[in-house]
Protein chains: 2
Amino acid sequence: MHEIFKSYLTGQIKLTNEQWQLVFRLWKPTVTKRGEVLLQKGKVSHNTYFVVKGCLGIFLSGDDGHEYTRFLVFEGKFGSAFPSFTTRKPSAASILSIEASQILLLNYRDHQYLLDHIPGWERLFRINLEKEYIYSIQRIESLISMDAKRRYEILLEQNPKLIQRLPSKIVAGYLGISQETLSRLKSKK
Amino acid sequence: MHEIFKSYLTGQIKLTNEQWQLVFRLWKPTVTKRGEVLLQKGKVSHNTYFVVKGCLGIFLSGDDGHEYTRFLVFEGKFGSAFPSFTTRKPSAASILSIEASQILLLNYRDHQYLLDHIPGWERLFRINLEKEYIYSIQRIESLISMDAKRRYEILLEQNPKLIQRLPSKIVAGYLGISQETLSRLKSKK
DNA sequence: TAACAACGTTGACAAATGTCACTAAATCAA
DNA sequence: TTGATTTAGTGACATTTGTCAACGTTGTTA
């Protein structure tokens with residue numbers, strides 16, 4: 001798994017062999033089963049993740065029992081219950097392994113250690129943060145300015161694999177609409 | 001203005017006098033009038049801002065002529081048309097001075113210069129980025145999982161000054177609802 | 001294989017929200 | 001001040017979306 005990890009990061013950062021060994025030691029490989037819970041809501045998230053294979057989902061469960069999809073993490077991406085991991089406060093969201101997955105995880109202390117001790121790591125992290133922030137801004141834009149149909153069309157255009165790959169329940173939660181509405185959007189057009 | 005800027009940042013970063021002088025030289029003070037346009041949509045945003053006094057708004061204009069409020073920047077906060085500023089691509093949003101304001105602005109090249117040459121500046125920037133990202137995640141949560149009434153109640157609770165201070169047109173755009181719906185929410189409860 | 005659970009679709013209806021038109025109130029400039 | 005412009009509130013109605021229930025399909029597991 002570490003070699004795949006390294007190949008994703010090459011181009012983003014240049015490290016010596018010793019530094020890679022340190023990075024590998026802190027990012028711990030794990031495999032998960034489909035449906036496995038990595039974080040329960042209400043608990044502090046102590047880990048951040050990198051997905052080598054498979055898919056993680058970060059979910060909000062509403063008071064009404066509905067599940068909303070806050071974020072999805074596919075191969076080659078970092079993901080976490082970011083607000084909880086960063087602030088050390090209980091998480092509003094839970095993390096589930098949507099598919100059987102191979103992931104790497106890094107705990108909070110080791111995360112800080114890398115930021116402090118690997119030159120360039122803070123930049124790598126910052127640039128990934130910028131990308132995620134931009135993505136979240138675009139999501140806010142679509143949520144405040146478009147109706148469900150346009151949001152779906154745009155998702156279909158920009159991220160078709162997401163729709164093909166995931167159960168429509170999760171896609172609906174991601175778009176902020178009910179499963180039934182999504183089903184109707186699909187059949188209409 | 002620079003002294004106020006410095007007082008906001010003290011606690012976040014420790015710099016020598018020479019370093020502060022450099023920072024002050026690059027962050028250029030400007031005053032704006034109410035309604036002044038700082039960035040037109042479709043143009044690349046070359047500046048990032050710090051608001052000393054007043055308020056900036058980052059707006060999306062929909063095809064239908066509606067204006068949506070992507071972000072608001074009050075005293076003591078950084079703000080920009082982030083996706084455009086970061087990627088150097090044309091901005092989907094425009095930036096307006098909502099009130100007559102005193103601001104500092106930093107262009108892209110100087111931004112990179114500070115990241116590269118002031119030790120600790122990248123960390124300062126990264127930590128501010130984390131806060132903004134968390135805020136945007138919480139906004140996504142409220143947009144996908146709550147109806148307009150609850151979003152308004154929560155905004156009223158967490159950010160009452162925003163509602164008091166700004167025209168309700170802008171507040172409605174921020175919540176992703178029409179002005180009329182906001183007006184009805186206000187009167188109902 | 002059989003039984004059971006999860007998922008996706010559809011209809012009927014209810015609730016939320018948008019649109020348009022109009023009026024009242026506030027703001028601003030001359 | 002006056003007149004003009006912007007902004008806020010409200011009613012009537014249309015549209016979107018949610019909710020609940022039913023049903024068939026798929027997938028899982030004993």
Side-chain angles (χ1 to χ4, degrees), chain A residues 32-37 55 57 59-69 72 96-100 142-156 160 162-189, chain B residues 32-37 54-55 57 59-69 72 96-100 141-156 160 162-189:
Chain A
T32 64
K33 291 178 197 160
R34 203 171 85 92
E36 186 172 334
V37 175
C55 176
F59 298 100
L60 277 175
S61 35
D63 316 327
D64 48 2
H66 277 220
E67 293 252 311
Y68 300 92
T69 311
L72 295 164
L96 269 73
S97 184
I98 297 176
E99 305 172 354
S142 74
L143 288 166
I144 61 174
S145 71
M146 300 171 193
D147 61 18
K149 189 179 166 194
R150 282 207 55 196
R151 294 207 295 280
Y152 174 70
E153 284 168 4
I154 287 181
L155 186 64
L156 193 57
L162 189 154
I163 292 174
Q164 293 154 10
R165 187 164 162 183
L166 298 177
S168 60
K169 189 181 174 179
I170 290 177
V171 176
Y174 185 78
L175 290 167
I177 59 178
S178 71
Q179 202 180 154
E180 293 94 332
T181 297
L182 176 58
S183 174
R184 289 180 179 113
L185 290 177
K186 278 185 183 174
S187 62
K188 258 183 215 164
K189 164 122 191 301
Chain B
T32 64
K33 293 179 196 159
R34 200 172 86 91
E36 188 172 333
V37 176
C55 176
F59 299 100
L60 278 175
S61 34
D63 316 328
D64 48 2
H66 278 220
E67 292 253 310
Y68 300 93
T69 310
L72 294 165
L96 269 73
S97 183
I98 297 175
E99 306 172 354
E141 289 184 359
S142 74
L143 288 166
I144 61 176
S145 72
M146 300 172 194
D147 61 17
K149 188 178 167 192
R150 282 207 55 198
R151 294 207 297 280
Y152 174 71
E153 285 168 3
I154 286 180
L155 186 63
L156 193 56
L162 190 154
I163 293 174
Q164 293 154 12
R165 188 165 160 183
L166 298 177
S168 61
K169 189 180 173 179
I170 290 177
V171 177
Y174 185 78
L175 290 167
I177 59 179
S178 70
Q179 204 180 147
E180 294 93 331
T181 298
L182 176 58
S183 175
R184 290 182 176 108
L185 290 177
K186 279 184 181 174
S187 62
K188 259 184 215 161
K189 167 117 190 301

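So you know, we letter chains A, B, ... as the sequences are listed, proteins then strands, and number each from 1.
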Subject >> B/E99 CD to B/R165 CZ distance, which is reported to the nearest 0.5 Å >> reply: 4.0 Å
Subject >> For atom CG of A/L185 and atom P of C/dT9, their distance in whole Å >> reply: 11 Å
Subject >> Nucleotide of C/dT17, D/dA8, D/dG18 approaching B/D147 most closely (side-chain heavy atoms) >> reply: C/dT17
Original post:
Does C/dG8 have OP1 or OP2 sitting under 4.0 Å from an N or O in the side chain of A/S168?
Top reply: yes
Original post:
Given C/dG18, is OP1 or OP2 found less than 4.0 Å from the side-chain N or O atoms of B/H66?
Top reply: no
Original post:
Under 4.0 angstrom, heavy atoms only, what part of the nucleic acid is B/I177 near: base, sugar-phosphate, or nothing?
Top reply: sugar-phosphate
Subject >> Options D/dA8, C/dT17, D/dT17, nucleotide nearest the side-chain atoms of B/A148 >> reply: C/dT17
Subject >> Straight-line distance of A/I163 CD1 to A/L182 CG, nearest 0.5 Å >> reply: 7.5 Å
Original post:
Nearest-Å distance, CZ (A/R34) to P (C/dA6)?
Top reply: 11 Å
Subject >> Nucleotide nearest B/E180 when distance is taken to its side chain, options C/dT10, D/dT17, D/dT10 >> reply: D/dT10
Subject >> Between D/dG18 (P) and B/M146 (CE): distance, integer Å >> reply: 15 Å
Original post:
Should A/S183 be listed as having a side-chain N or O under 4.0 Å from OP1 or OP2 of C/dG8?
Top reply: no
**OP:** Rounded off to whole Å, could you give me the NZ-to-C1' distance for the A/K186 and C/dC7 pair?
**Re:** 11 Å
Original post:
Considering only heavy atoms and no angle criterion, is a donor-acceptor pair shorter than 3.5 Å present between the side chain of B/R184 and the base of D/dG11?
Top reply: yes
**OP:** Output the distance between atom CG (B/L166) and atom OG1 (B/T69), rounded to the nearest 0.5 Å.
**Re:** 8.0 Å
**OP:** Nearest whole angstrom, please: distance from the P of C/dA16 to the CZ of B/R150.
**Re:** 14 Å
**OP:** Assess whether side-chain contact (heavy atoms from CB on, under 4.5 Å) is satisfied between A/I177 and A/Y152, documenting all intermediate values.
**Re:** CA-CA 10 Å; A/I177 59 178; A/Y152 174 70; 5.8 Å; no
Subject >> B/S178 or A/Q179, whichever maps to the more 5' nucleotide of DNA chain C >> reply: A/Q179
Original post:
What is the distance, rounded to the nearest whole Å, between atom CZ of B/R151 and atom P of C/dA16?
Top reply: 13 Å
**OP:** Would you classify B/G35 as touching base, sugar-phosphate or nothing, given that sugar-phosphate means primed atoms plus P, OP1 and OP2, and contacts are heavy atoms under 4.0 Å?
**Re:** nothing
**OP:** Return the value, rounded to whole Å, for the distance between atom CG of A/L166 and atom C1' of C/dA6.
**Re:** 16 Å
**OP:** Specify the separation, in whole Å, of atom CD1 of A/I98 and atom C1' of C/dA6.
**Re:** 16 Å
Original post:
Which distance, rounded to the nearest 0.5 Å, do you find between the CG of A/L175 and the OH of A/Y68?
Top reply: 12.5 Å
Original post:
B/S187 side chain N/O closer than 4.0 Å to the phosphate oxygens (OP1, OP2) of D/dT10?
Top reply: yes
